[in-house]
Amino acid sequence: SSGINAEYGSLIVDGVTKGLRESVKKLDKREAMLCVLAESTDEKNILKLVEALCREHGINLIKIDDAKKLGEWVGLCKIDKEGNARKVVRCSCAVISDFGRESIALEVINDHFKRSVAAE
C-alpha cells in the first residue's frame, strides 16, 4: 500500500513552512509545491482560504484528519529514547516549497497526485 506512512511518516525536509499564517504567505506567493492541511482545525474560514489558494495557484493539497499527526510529521515534537514522539505540538497547516533531493517520499506523493488526476 502506498501513501504517507504515519508510523514513520516524517516529512522532515528543509523547505517546509509550518503554521497557518506563514503557510498562507507561501501559498499566496506561489512558493509552494505541496500543502498539507489538518481538517481538525477550528478555523473553518482558514480551511476555505487555504483550499482556495491551492486551487487558484495549482498547488497540490493533501488533507489529513489530525493536527497532532501533522505536528509530528513536521518535527514539532520531542523524540524519546524508544523513537516515539512526545510533547507533540498541533500544526494546522504545512507547506513544502522544496523537497530537496529526489526521494521515495517525493515519488509516493507525485504518484498519489497522478492517480488522483487520472481518477477525476
Side-chain angles (χ1 to χ4, degrees):
S1 77
S2 69
I4 298 173
N5 187 331
E7 289 284 302
Y8 19 84
S10 180
L11 289 176
I12 309 283
V13 286
D14 291 335
V16 70
T17 301
K18 304 163 207 122
L20 279 168
R21 192 171 288 123
E22 293 303 313
S23 293
V24 165
K25 282 185 200 169
K26 287 276 187 193
L27 292 170
D28 201 34
K29 291 183 195 165
R30 295 179 169 89
E31 292 175 358
M33 299 170 83
L34 172 69
C35 178
V36 184
L37 182 62
E39 294 184 292
S40 61
T41 181
D42 300 329
E43 300 287 331
K44 298 304 174 207
N45 291 342
I46 298 288
L47 289 176
K48 288 188 178 89
L49 173 64
V50 169
E51 288 170 357
L53 283 169
C54 288
R55 203 168 34 250
E56 186 180 325
H57 300 321
I59 297 163
N60 285 330
L61 174 65
I62 293 177
K63 293 182 194 170
I64 65 168
D65 55 352
D66 186 9
K68 270 204 146 158
K69 190 183 298 173
L70 183 54
E72 186 178 338
W73 284 357
V74 298
L76 295 175
C77 59
K78 302 264 185 264
I79 304 296
D80 67 15
K81 289 190 291 275
E82 288 80 44
N84 299 312
R86 300 276 180 238
K87 297 183 178 153
V88 180
V89 177
R90 293 167 57 87
C91 181
S92 300
C93 189
V95 165
I96 297 171
S97 53
D98 181 10
F99 283 101
R101 60 180 172 48
E102 291 286 318
S103 66
I104 293 170
L106 177 57
E107 286 175 31
V108 168
I109 289 168
N110 286 335
D111 188 52
H112 167 80
F113 285 107
K114 281 182 199 139
R115 282 199 316 275
S116 297
V117 169
E120 284 176 6

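All values derive from a computational prediction rather than experimental measurement.
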* What's the verdict on side chain to side chain contact (heavy atoms under 4.5 Å, CB included) for Val50 and Leu20, showing C-alpha distance, side-chain angles and the deciding distance? -> CA-CA 9 Å; Val50 169; Leu20 279 168; 4.3 Å; yes
The reported gap from SG in Cys93 to CD1 in Ile46 (rounded to nearest 0.5 angstrom) is 9.5 Å
One should read off an interatomic distance between Leu70 CG and Ile62 CD1, to the nearest 0.5 angstrom, of 10.0 Å
Sequence neighbours excluded, the answer for side chain to side chain contact (heavy atoms under 4.5 Å, CB included) partners of Leu76 is Lys18, Val74, Val89, Cys91
Across all chains, not counting sequence neighbours, the side chain to side chain contact (heavy atoms under 4.5 Å, CB included) partners of Ala67 are Ala38, Ser40, Arg90
By side-chain hydrogen bond (donor to acceptor under 3.5 Å, both in side chains), Asp80 pairs with (sequence neighbours left out) Arg86
Taken in chain and number order and not counting sequence neighbours, the residues that satisfy side-chain hydrogen bond (donor to acceptor under 3.5 Å, both in side chains) with Glu22 are Lys25
| message | What I'd like to find out is whether the side chain of Val95 reaches to under 4.5 Å of the side chain of Val16, using heavy atoms alone. | response | no
Which heavy atom of [X] sits nearest a heavy atom of [Y], and at what distance?
| X | Y | value |
| --- | --- | --- |
| Leu34 | Ile59 | N-CG2, 4.1 Å |
| Gly71 | Val88 | C-CG1, 4.1 Å |
| Ala85 | Ile79 | CA-CD1, 4.0 Å |

Salt bridge (charged side-chain N to carboxylate O under 4.0 Å, His left out) pairs touching residues 54-66, sequence neighbours excluded, are Glu51-Lys63, Asp65-Lys69
Show your reasoning for whether side chain to side chain contact (heavy atoms under 4.5 Å, CB included) applies to Cys77 and Glu72. CA-CA 6 Å; Cys77 59; Glu72 186 178 338; 4.3 Å; yes
Identify each donor-acceptor pair in which a side-chain atom of residues 26-33 lies under 3.5 Å from a protein atom, sequence neighbours left out, and give them as a table.
residue : atom : partner : partner atom : Å
Lys26   : NZ   : Glu31   : OE1          : 3.3
Arg30   : NE   : His57   : ND1          : 3.3
Arg30   : NH2  : His57   : ND1          : 3.3

